[in-house]
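As structure tokens, the structure follows; a few thoughts come after it.
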Amino acid sequence: MGRGGTAHRVYSVVVFVVLAALDNIAIGIVPPLYGSIGAELGVTEAHIALSTTIMFLISAVAAIGFAYLGDRTDRKPVLVAGTVIWVIGTAWSGLAGGYGTFLAGQVLAAFGLGGVASVSFSVVSDLISPRRRGLVMSFWGLSQGVGTLAGTLVGGILGHTDWRQPFLVTAAAGLIATGAYLFTFNVPRGDSQPELAGIDYEERIHHEDLPVILKRRTNVWLILQGGTAQIAFGSMVWLPVLFRARAEDQGYTTGTAVLIGSVFATIFQLGAALSILGGLAGDRLQRRTPRGRALVASIGVLSAVPLYVVLFFVPMKITVPDGAGTGAVIRGVLANLVTEPTVGLCLVVAVFALMLTSANSPNWFAMIADVNPPQHRGTVYSLGNLVNGAGRAGGNVLVAVAFASLAGAYPPPLNYAVGLAAFQVFFIPTGIMYWLASRTVAADMADTHAALLAVASEHRPDRDVGGDPPVGVEGLAAQQDPGAGR
């Protein structure tokens, strides 16, 4: 496996995808176990939900510091440190004997997770050529979604009898992945950028660069859209609780209901795997217009809203053996997809809804790389992640309050359905902001392209740009909508 050769790069991408999945497993294992953890630690379900909210916020804040450090220094040691920190915090959470210890473990894990997310994005963007960004970023983004789903599934399956097991298993997997990461390619900054082919790119971020970052109007919309989008996404960490409540309403015992909720939530979110189609669509449309990726994200998010509302209200008749083992319950749930029409309908609706909203992720990643030079990408991603974390934490808290308020008028599971449906309205401003980004992206891409060529010209006076030509950059400003403000 040559240093920086094709095999080494492929290996590196695979390791980053696995790490991204594990990061999200560490977050996703908690929601299905809110009740179980709270019961053993002597606190309410809301106290454990609060730890998830705090985790989102701390991870988002820590990401800014880690990202800035990664944009100024060697990124590999920063990533190793972040991974080791979240592994220790996750194991600590699983060994906790009281709520305070559990919360401390989650805080430590969140701190490390913030570093991994932001810095790894910067590295991955340097491994991918511009014309393949949507596709490859869809795999990287998909790994995060799959990680969240896997966390839900691991939490339900391993934790329905002992809530500690998922934390310890995830921490062990994180240690193994850390060892694999040590052998990845230490990619040079700007390595995949055609304008910089053949030169040693030494540019680093500086304190005074923040106004420059925010002057790119596309960055503003890409950062802000996550606030409203993640309120809606944050509310959906309660999806296992909705399905658990439906099972309990039909008479199932708590242990079986927890398992049913986790398995159903996992299956119904498999549509996120189709984010690859969103990445492909963004790449394809981007070759025709610089607005392509932003338009794909905008249309996808807005089109999914009515489908989510339908999903939450379609009644489900669940038939599985109550009190049976894990395998029997899972087989029963899978059989329901075929034998129970209401369950099959819910699956179809969920797959299409998740497919549409998942078009957001790869195109968001790709657009950050499109409009920013390499030394700014980690920081821009972290700023977006901060807003995302605040939105997701807010959604998680607000929807819990909504559930409690609605319980007086709507008994479970109807209170969960009404609350989740109401929170999907937050996807609407997200779609609008992507449309606004589509009006400014051309000029911002052109400006970044010109700045990179200026750096390259200092090393190559003839301004010869090797490698693949930049896709859809020249003349992008001329293709922008008239009147699009800068």
Side-chain angles (χ1 to χ4, degrees), residues 13 16-17 20-21 24 117 121 124-125 127-149 218 221-226 228-230 232-233 236 267-308 311 347-371 377 381 384-385 388 391-392 424 426-439 441 445 471-472:
V13 170
F16 278 115
V17 166
N24 286 272
F121 169 79
V124 171
S125 71
L127 280 167
I128 306 165
S129 66
R131 62 182 174 186
R132 298 184 183 91
R133 274 182 184 143
L135 175 61
V136 180
M137 284 298 187
S138 70
F139 283 105
W140 192 70
L142 175 61
S143 70
Q144 299 180 52
V146 169
T148 302
L149 291 179
T218 308
W221 299 125
L222 292 178
I223 291 169
L224 292 181
Q225 63 78 32
T228 53
Q230 292 299 327
F233 283 127
M236 283 191 280
I267 293 172
F268 286 172
Q269 293 187 69
L270 289 178
L274 298 176
S275 64
I276 294 171
L277 298 180
L280 284 170
D283 281 348
R284 187 183 182 97
L285 190 57
Q286 190 75 10
R287 296 187 187 107
R288 300 178 59 184
T289 169
R291 303 181 66 187
R293 291 186 174 121
L295 290 176
V296 168
S298 177
I299 293 169
V301 167
L302 293 174
S303 300
V305 173
L307 294 178
Y308 278 121
L311 171 65
L347 175 63
V348 172
V349 172
V351 166
F352 275 100
L354 265 295
M355 176 187 71
L356 291 168
T357 49
S358 294
N360 165 5
S361 176
N363 289 294
W364 184 70
F365 295 140
M367 288 173 68
I368 290 176
D370 284 343
V371 302
R377 291 171 187 167
Y381 174 88
N385 199 45
N388 286 357
R392 196 172 186 184
Q424 303 318 298
F426 288 99
F427 276 133
I428 295 175
T430 297
I432 292 172
M433 281 188 270
Y434 271 118
W435 178 77
L436 291 171
S438 77
R439 302 184 66 195
V441 67
M445 286 178 67
V471 177

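The figures here come from the full heavy-atom set of this structure, side chains too, leaving out hydrogens, waters and symmetry mates. Position 1 is the first residue of the sequence, and the numbers go up from there. On a predicted model such as this, the values are computed, not experimentally measured, just so you know.
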Check for a donor-acceptor pair, side chain of N363 on one end and backbone N or O of G278 on the other, with a separation under 3.5 Å. yes

Mind checking what makes side-chain contact (heavy atoms from CB on, under 4.5 Å) contact with A232, not counting sequence neighbours? Q424, F426, F427

Report the distance from atom CG of D370 to atom CZ of R377, rounding to the nearest 0.5 Å. 8.0 Å

Nearest heavy-atom pair of N388 and G226: which atoms, and what distance? OD1-CA, 2.8 Å

What pair of heavy atoms forms the shortest contact from P362 to G279, and how long is it? CG-N, 3.7 Å

Of Y381, Y434, W221, the residue whose pairing with W364 passes ring-ring contact (aromatic ring centres under 6.0 Å, His included): Y381

When every non-hydrogen atom of G292 is compared with those of Q286, the smallest separation belongs to N-OE1, 3.5 Å

Hey, is the main chain of L295 close enough, under 3.5 Å, to the side chain of S298 for a donor-acceptor pair? no

Partner set under side-chain contact (heavy atoms from CB on, under 4.5 Å) for D283, not counting sequence neighbours: L135, R287, R293

Taking side chain as C-beta onward, heavy atoms only, is T357 less than 4.5 Å from F233? yes

Exercise: identify the closest heavy-atom pair between T218 and M367: CG2-CE, 4.1 Å

Taking all non-hydrogen atoms of both residues into account, name the closest pair between T430 and Q225 and its distance. OG1-O, 3.3 Å

Who pairs with L356 by side-chain contact (heavy atoms from CB on, under 4.5 Å), at least two apart in sequence or on another chain? S303, A304, L307

